[in-house]
Amino acid sequence: MNRAALALVLSSILWGTTGTAASLLPADVSPLAVGSATMGVGGVLLFGISMRPAISALQDPAARRWLLVGAGGVVVYPLAFYGAMNLAGVAIGNVVALGSGPVFAAFFEWARERRRPGRVWVACTATAIIGIGLLALGGSARGDRPEANVASGVILGLVAGSAFALYTYASSRAMTLGLPSRGVMGGMFGLGAMGLLPVLLVAYLLFGIALGTLRSSAATTIALIEPLIATVLAVVVVGERLGAVGWVGLALILAGVIALSTARYPHNRP
C-alpha cells in the first residue's frame, strides 16, 4: 500500500469512531450542536497548526476560489452527517454518507474536467458500493426507529456525501496549483470553521497528505473504510444489529478498498 493510500486509511479509521462517540452523548444534545461545536474547535486547531501555509494559500487568488468552494462543503458536511446518524442510526448514516461520496466525486471530476473514471476505480468502487447496499439491507439499524426518520436520515446522508465529495474535490484542485497539503487543508477548514476533535485533527492532516497524490474519486472510495469501522463499532459498542447479508457487505467494502489502495494510478498533479 502506498503512502497516500495508507494515510487515507488511517484517517478513515479515526473518522469511523466519531459516530459511535456522538451516539454516546446525552439524548438532549442536538446533532446540529455536535456538528457546530466540532466545526468551531477543529477548524481553529487545524488553521492554527498550519497558519503560515494556510495564509499563503488564502492569499493565492486561484487557490482561494477552490478553498471557498470547499469551505461550503466543510460547513454542510458535519451538520448533515451527524443529523443522518441521529435519524437513521450510526451504521446507516455512515454507510449512506460515505457510500455516496465516490459517486459524487466522480461526477465532479467528469463535470469539471471531463475525466472518465478508470476501469480499476469502477470495479473497486462498484464492489464497495454493492457492499454498502448489502450492509444497509443487513439490518444494521436497531429497529426502534420510525421509517420516516430513517428515510430522512438517508436523505441527509446523501447531502453529507455530496458535501464530502465537494470539499475533497476542491482541496484536490487547490493542491494541483502547487500548494502544500497543510496549507490547503488549514485554509479550507479555517474558512469553514469546521471543528474536528483532536483525533480528527490528525485524521484530516492525513487526509491532506493523501490528496497530494490521490484523485478525489479514488480518495473517497478508499475512505469507505470509515463506514466499515463505524458499523463494527455500532454493533459492538452501541448495540445495533447486523445480519449475515450485512457482514457480506462489510467484506465487499473491505475488498474494494484494499484493491484500490494497492492499485497503481496516475499522480494527482498535472
Worked verdict on M185 versus M175 for side chain to side chain contact (heavy atoms under 4.5 Å, CB included): CA-CA 9 Å; M185 302 308 289; M175 289 178 201; 3.9 Å; yes
I want to check something: taking the side chain as every heavy atom from C-beta on, are F47 and L58 in contact at a cut-off of under 4.5 Å? yes
Which atoms form the tightest heavy-atom contact between A160 and A97, and what is the distance? CB-CB, 3.9 Å
Here the gap from L68 atom CG to M188 atom CE, rounded to the nearest 0.5 Å, amounts to 9.0 Å
So W66 and Y169, would you call those rings parallel, tilted or perpendicular, with 30° and 60° as cut-offs? perpendicular
Starting at CD of E109, measure out to CZ of R173 and round the result to the nearest 0.5 Å. 9.0 Å
Same apolar cluster: V103 and I155, side chain cutoff 4.5 Å: no
Applying the 4.5 Å side-chain criterion to the ILVMFWY set and letting contacts propagate, would M51 and V184 be lumped into a single cluster? yes
Give me the atom names and distance for the closest heavy-atom approach of A57 to A63. O-CB, 3.6 Å
Looking only at heavy atoms, the pair that brings G83 and L156 closest together is C-CD1, 3.7 Å
Heavy-atom pair of closest approach, residues V159 and A80: CG1-CB, 3.9 Å
Would you compute the distance between atom CZ of R64 and atom CG of L191 and round it to the nearest 0.5 angstrom? 9.5 Å
Decide yes or no on side chain to side chain contact (heavy atoms under 4.5 Å, CB included) for F104 and L166, but give the supporting numbers first. CA-CA 8 Å; F104 285 114; L166 179 63; over 6 Å; no
Between the main-chain N or O of A123 and the side-chain N or O of T127, is there a donor-acceptor pair closer than 3.5 Å? yes
Nearest 0.5 angstrom please: L179 CG to S171 OG, how far? 11.5 Å
In terms of ring plane angle, is the pair F164 and Y167 parallel, tilted or perpendicular, where the classes change at 30° and 60°? perpendicular
Exercise: identify the closest heavy-atom pair between A165 and G101: CB-O, 3.5 Å
Could you check if a side-chain atom of L158 sits within less than 4.5 angstrom of a side-chain atom of S162, using non-hydrogen atoms only? no
Please report the shortest heavy-atom distance between V69 and A170, naming the atom on each side. CG1-CB, 4.3 Å
